Amino acid sequence: MKKLYLMCVALLLAGVMAVAPAAERQEKVIYHVSDSSNAAAALRNARNHLDQSPRAKIVFVTHGPGIDFLLEGAVDKNGNPYDIAVQELAARKVEFRVCNNTLTSRKIDKARLLPEASIVPSGVAEVARLQIEEGYAYLKP
């Protein structure tokens, strides 16, 4: 009977230990932007996301026409500049990554990027890497 009791206690403790790390895991999310016509909604979604999950780690990964909102002087369809929303989210630790392949193929000078943006070799490879190697969830606004 004592062995059964000890076995039950051991199983219970093992179950608690398995659940504890999951509760402490940080929420990590990729916002994949391949078309800047969705950028205003994606920025709004990220802001709402952080309002509900302030500890969430959010990384925007952009390529193709999706990088356009991260260029100096870019505005949305209503004429509102993107840089203000990008700066506000960057202040909340959101990262913005831009595909170097896109910059090269479109002959865009890196100096045109907002200072909050960093360059990765390939946007699509970065999406895959974040998912596979770092356990990020994928969102496509």
Side-chain angles (χ1 to χ4, degrees), residues 2-141:
K2 187 175 182 179
K3 284 184 182 180
L4 180 61
Y5 173 76
L6 290 175
M7 194 159 85
C8 288
V9 169
L11 288 172
L12 179 63
L13 286 174
V16 168
M17 296 302 286
V19 172
E24 295 171 11
R25 246 183 270 154
Q26 184 179 30
E27 182 180 342
K28 300 185 297 186
V29 182
I30 301 163
Y31 277 69
H32 181 199
V33 180
S34 59
D35 183 348
S36 281
S37 67
N38 299 328
L43 294 165
R44 188 173 46 256
N45 288 346
R47 189 172 36 252
N48 292 340
H49 190 150
L50 288 171
D51 288 346
Q52 294 304 307
S53 299
R55 292 187 46 225
K57 172 110 173 97
I58 296 176
V59 176
F60 276 71
V61 179
T62 66
H63 63 89
I67 75 164
D68 294 351
F69 80 100
L70 292 172
L71 299 175
E72 290 284 346
V75 296
D76 67 17
K77 65 181 178 182
N78 298 320
N80 299 313
Y82 285 112
D83 61 349
I84 295 167
V86 169
Q87 289 166 4
E88 289 171 355
L89 287 171
R92 295 176 78 180
K93 308 292 188 223
V94 172
E95 296 179 24
F96 296 87
R97 299 180 187 173
V98 174
C99 174
N100 190 58
N101 289 335
T102 297
L103 293 173
T104 301
S105 68
R106 293 178 58 194
K107 298 176 177 57
I108 297 173
D109 186 344
K110 296 171 185 173
R112 291 188 54 205
L113 290 174
L114 296 177
E116 294 79 14
S118 63
I119 299 170
V120 294
S122 166
V124 293
E126 183 70 358
V127 168
R129 187 189 71 73
L130 288 170
Q131 288 180 285
I132 295 166
E133 294 179 14
E134 298 189 33
Y136 276 70
Y138 176 87
L139 291 177
K140 179 80 168 155

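Bear in mind that the values here come from a model prediction, so they are computed numbers and not experimental data. Only this structure's heavy atoms are used, side chains among them; waters, hydrogens and symmetry mates stay out.
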Can you give me every donor-acceptor pair (side chain of residues 130-138, partner residue at least two apart or in another chain, under 3.5 Å) with its distance?
from : atom 1 : to   : atom 2 : distance (Å)
E134 : OE2    : R129 : NH1    : 2.6
E134 : OE2    : R129 : NH2    : 3.3
Y138 : OH     : H32  : ND1    : 2.6

Do any side-chain atoms of residues 112-123 form donor-acceptor pairs under 3.5 angstrom with protein atoms, and if so which ones, sequence neighbours left out?
from : atom 1 : to   : atom 2 : distance (Å)
S118 : OG     : F96  : O      : 3.4
S122 : OG     : A125 : N      : 3.2

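Using a cutoff of 4.0 Å between basic side-chain nitrogens and carboxylate oxygens, R106 and D68 are scored as salt-bridged.
Contact annotation: the side chain of I58 never approaches that of E95 to less than 4.5 Å [non-hydrogen atoms, C-beta and beyond]. In this structure, the side chains of I67 and V33 stay at 4.5 Å or more apart for every pair of heavy atoms. Annotation: side chain of R97 is not in contact with side chain of T62 (no heavy-atom distance under 4.5 Å). Using a 4.5 Å heavy-atom threshold, the side chains of K57 and V29 count as separate. Put simply, the side chain of Y31 does not reach to within 4.5 Å of the side chain of V61, judged on heavy atoms.
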(message) Quick one, R44 with N48, criterion side-chain contact (heavy atoms from CB on, under 4.5 Å). Give me CA distance, side-chain angles, the key distance, then yes/no.
(response) CA-CA 6 Å; R44 188 173 46 256; N48 292 340; 4.1 Å; yes
(request) In sequence, state the C-alpha distance, the side-chain angles, and the governing distance for D51 and R92, and then conclude on side-chain contact (heavy atoms from CB on, under 4.5 Å). (result) CA-CA 10 Å; D51 288 346; R92 295 176 78 180; 3.1 Å; yes
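Note that the CD atom of Q52 and the CZ atom of R47 stand 13.5 Å from one another [nearest 0.5 Å]. We find the OG-CG distance between S36 and D76 to be 11.0 Å, quoted to the nearest 0.5 Å. Taken from CG in L89 to NE2 in H49, the straight-line distance is 11.5 Å, to the nearest 0.5 Å.
Between A56 and Q26, the closest heavy-atom pair is C-NE2, 4.3 Å. Nearest heavy-atom pair across N45 and P141 is ND2-CB, 3.7 Å.
Using modelled atom types and a 3.5 Å distance limit, the side chains of E126 and H63 yield no donor-acceptor pair. A side-chain N or O of S34 and one of K140 form a donor-acceptor pair less than 3.5 Å apart.
Residue pairs meeting the ring-ring contact (aromatic ring centres under 6.0 Å, His included) criterion with at least one member in residues 68-89, sequence neighbours excluded: F69-Y82.
When atom types are taken as modelled, the side chain of T104 and the backbone of N101 share no donor-acceptor pair closer than 3.5 angstrom. With hydrogens and angles disregarded, no donor-acceptor distance shorter than 3.5 Å links the side chain of N78 to the backbone of N80.
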